[in-house]
Novice: 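First the structure, which I've put down as structure tokens, then a few questions once you've had a look.
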2 protein chains.
Amino acid sequence: MRVSRDQAEKNRQTVINVASQLFREHGFDGIGLKDLMEAAGLTQGAFYKQFASKDDLAAQASERAFESAIRELSAAAEANPKDPLGTVIALYLSMGHREERGDGCPVVALGADAARQGPVVKASFEAWIRKYLEMLRPWLGEADDEDSTDTAMAVLSTMVGAMVLSRAVNNKQLAKRFLQAGAKSLMRLSAGAAQKGQLR
Amino acid sequence: MRVSRDQAEKNRQTVINVASQLFREHGFDGIGLKDLMEAAGLTQGAFYKQFASKDDLAAQASERAFESAIRELSAAAEANPKDPLGTVIALYLSMGHREERGDGCPVVALGADAARQGPVVKASFEAWIRKYLEMLRPWLGEADDEDSTDTAMAVLSTMVGAMVLSRAVNNKQLAKRFLQAGAKSLMRLSAGAAQKGQLR
DNA sequence: ATTATCTATAGATCTATAGATAATGC
DNA sequence: ATTATCTATAGATCTATAGATAATGC
């Protein structure tokens with residue numbers, strides 16, 4: 001029954017990966033340890049040799065979700081160096097992202113859940129949200145750091161809100177329109193910001 | 001033990017009101033019927049004479065939350081007829097709204113939860129989100145209906161996203177800055193939209 | 001000998017139902 | 001007689017722990 005340390009570590013990683021998906025799909029309270037462990041190909045009994053508690057897993061799974069989301073967005077931006085901002089906005093505000101709830105942005109899927117959690121989970125969210133802003137800021141074409149952080153915050157807010165709204169409605173046309181309206185306004189916003197930056 | 005029909009109806013309303021707060025605070029899965037009923041001054045046993053299921057209450061409590069949120073925003077706008085949009089933005093993107101999780105916008109508190117629910121809950125969210133848009137649209141100073149709906153969507157997206165982000169972080173300064181950055185960008189956006197509308 | 005995983009289970013909590021109780025409404 | 005609420009409980013599920021098992025690692 002015992003497996004090698006190597007295999008045990010792989011199992012642990014699988015549990016974190018699976019949890020990062022299933023928590024995003026069902027929320028922290030919407031799925032139990034039994035289902036999580038079985039989705040990872042293990043039984044519930046193995047859980048507590050790997051994690052201290054469900055909260056512990058929730059924290060690690062959130063980290064994993066952020067890592068993967070930011071890696072994906074950064075990769076898309078690097079592949080289109082002429083328009084990284086437009087690329088990321090298009091990817092984020094896509095119907096694909098709307099449908100893939102288990103694989104998308106953790107702020108959208110778990111932001112409200114995180115707001116209900118203790119300071120440990122929120123500290124992790126805060127750190128990763130700052131990374132989102134650092135990723136966005138250089139693409140805004142603004143000179144001043146203070147202003148560009150504000151703009152990055154507004155851009156991220158619009159993306160997050162548009163996706164939350166898009167997912168909360170049934171009608172696909174309406175859902176899509178939230179994404180498109182968000183993208184349109186972000187193009188206006190970032191163009192204005194870039195112009196302002198260049199004038200200085 | 002039995003109470004009058006009048007009192008029974010009042011009790012039902014209390015349960016819905018209490019649930020609309022507690023669901024927003026803890027999420028649909030984060031609080032049980034026992035706690036909900038006790039918060040309303042009743043016992044769990046009385047629940048099923050008033051509601052068909054927990055989902056039924058979740059739907060009615062969401063409706064109640066939306067009603068109350070939109071009423072509050074509309075009232076604030078009416079009290080400041082010279083700048084309804086600015087008033088609503090300032091009220092929505094306030095630290096008070098951030099702290100009062102049980103009393104604030106249902107899209108922020110329960111939007112991600114709604115995305116995980118069935119089409120019945122989502123239909124209710126969709127209907128109320130359309131009302132948000134109808135409320136915002138006349139204040140945008142745009143002539144064209146199509147464009148002004150897009151702008152209303154972008155405005156709502158920024159407000160929702162800024163509040164989700166603000167609540168997901170510990171640091172109050174950062175939380176406040178998300179709200180202020182959102183407001184700043186919305187002022188720019190709506191000014192641009194109004195200008196464009198007047199040019200036609 | 002150690003330990004990663006398994007089966008089994010404790011104890012709490014969850015949604016929902018059943019039957020008792022006591023007040024209303026006819 | 002009807003019924004709104006209560007107490008009590010069924011049956012499922014939840015987190016967490018205990019002890020058995022069998023393979024690893026020394």
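In what follows, every chain begins at residue 1, and chains take the letters A, B, ... in the order their sequences are listed.
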Novice: Rounded off to whole Å, could you give me the NE2-to-P distance for the His26(B) and dT13(C) pair?
Specialist: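 Going from His26(B) (NE2) to dT13(C) (P), I get 15 Å.
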
Novice: Can you build the contact string for nucleotides 21-26 of chain D? Use B for base contact, S for sugar-phosphate-only contact, and - for no protein heavy atom under 4.0 Å.
Specialist: BBBBSS

Novice: Just the rounded figure in Å: distance from P of dT13(D) to CG of Leu36(A).
Specialist: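 After rounding, the gap between these two atoms is 15 Å.
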
Novice: Just to be sure I follow the notation: if a pair is Watson-Crick (purine N1 to pyrimidine N3 plus N6-O4 or O6-N4) or a G-U wobble (N1-O2 and O6-N3), each under 3.5 Å, what dot-bracket string does DNA chain C give, with | for pairs to another strand?
Specialist: ||||||||||||||||||||||||..

Novice: Going by heavy atoms in the side chains, are Leu36(A) and Phe23(A) under 4.5 Å from each other?
Specialist: yes

Novice: Between Asp147(B) and Arg188(A) (salt bridge meaning N to carboxylate O under 4.0 Å), is one present in this structure?
Specialist: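 No, Asp147(B) and Arg188(A) are not salt-bridged.
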
Novice: Contact between Met163(B) and Val164(A) at the side-chain level, heavy atoms closer than 4.5 Å - yes or no?
Specialist: no

Novice: Do the side-chain N and O atoms of Gln7(B) and Asn11(B) include a donor-acceptor pair separated by under 3.5 angstrom?
Specialist: yes

Novice: Any non-hydrogen side-chain atom of Leu42(A) less than 4.5 Å from a side-chain atom of Arg12(A)?
Specialist: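 Of all side-chain heavy-atom pairs linking Arg12(A) with Leu42(A), none is under 4.5 Å.
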
Novice: Starting at atom CD of Glu9(B), determine the distance to atom C1' of dT5(D), rounded to an integer number of angstrom.
Specialist: 16 Å

Novice: Rounded off to whole Å, could you give me the NZ-to-C1' distance for the Lys34(B) and dA12(C) pair?
Specialist: 10 Å

Novice: Rounded to whole angstroms, how far apart are CG on Leu33(A) and C1' on dA16(D)?
Specialist: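 Checked: the CG to C1' distance equals 9 Å.
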
Novice: Would you please say whether a donor-acceptor pair under 3.5 Å links the side chains of Gln13(B) and Asn17(B)?
Specialist: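 Gln13(B) vs Asn17(B): no donor-acceptor pair found between side chains.
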
Novice: Could you verify whether a donor N or O on one side chain and an acceptor N or O on the other, from Arg64(B) and Ser68(B), lie under 3.5 Å apart?
Specialist: no

Novice: Is a donor from one side chain sitting under 3.5 angstrom from an acceptor on the other, for Trp128(A) and Glu63(A)?
Specialist: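 Yes.
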
Novice: Side-chain contact, heavy-atom cut-off 4.5 Å: Val155(A) with Thr151(A)?
Specialist: yes

Novice: Residues of residues 37-55 of chain A with any non-hydrogen atom less than 4.0 angstrom from an atom of DNA chain D: list those, numerically ordered, please.
Specialist: Gln44(A), Tyr48(A), Ser53(A), Lys54(A)

Novice: Considering only heavy atoms from C-beta outward, does the side chain of Gln180(A) approach that of Met153(B) to under 4.5 Å?
Specialist: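 Heavy-atom side-chain distance check fails, nothing below 4.5 Å.
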
Novice: When the distance from CD of Gln7(A) to P of dC6(C) is rounded to whole Å, what number comes out?
Specialist: 11 Å

Novice: Between Arg137(B) and Glu134(B), does any NZ, NE, NH1 or NH2 come within less than 4.0 Å of an OD or OE carboxylate oxygen?
Specialist: no

Novice: May I have the distance from Asp35(A) (atom CG) to dA12(D) (atom C1'), rounded to whole angstrom?
Specialist: 13 Å

Novice: Whole angstroms only, please: what is the CG-C1' distance between Asn11(B) and dT3(D)?
Specialist: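 So the two atoms are 13 Å apart, to the nearest Å.
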
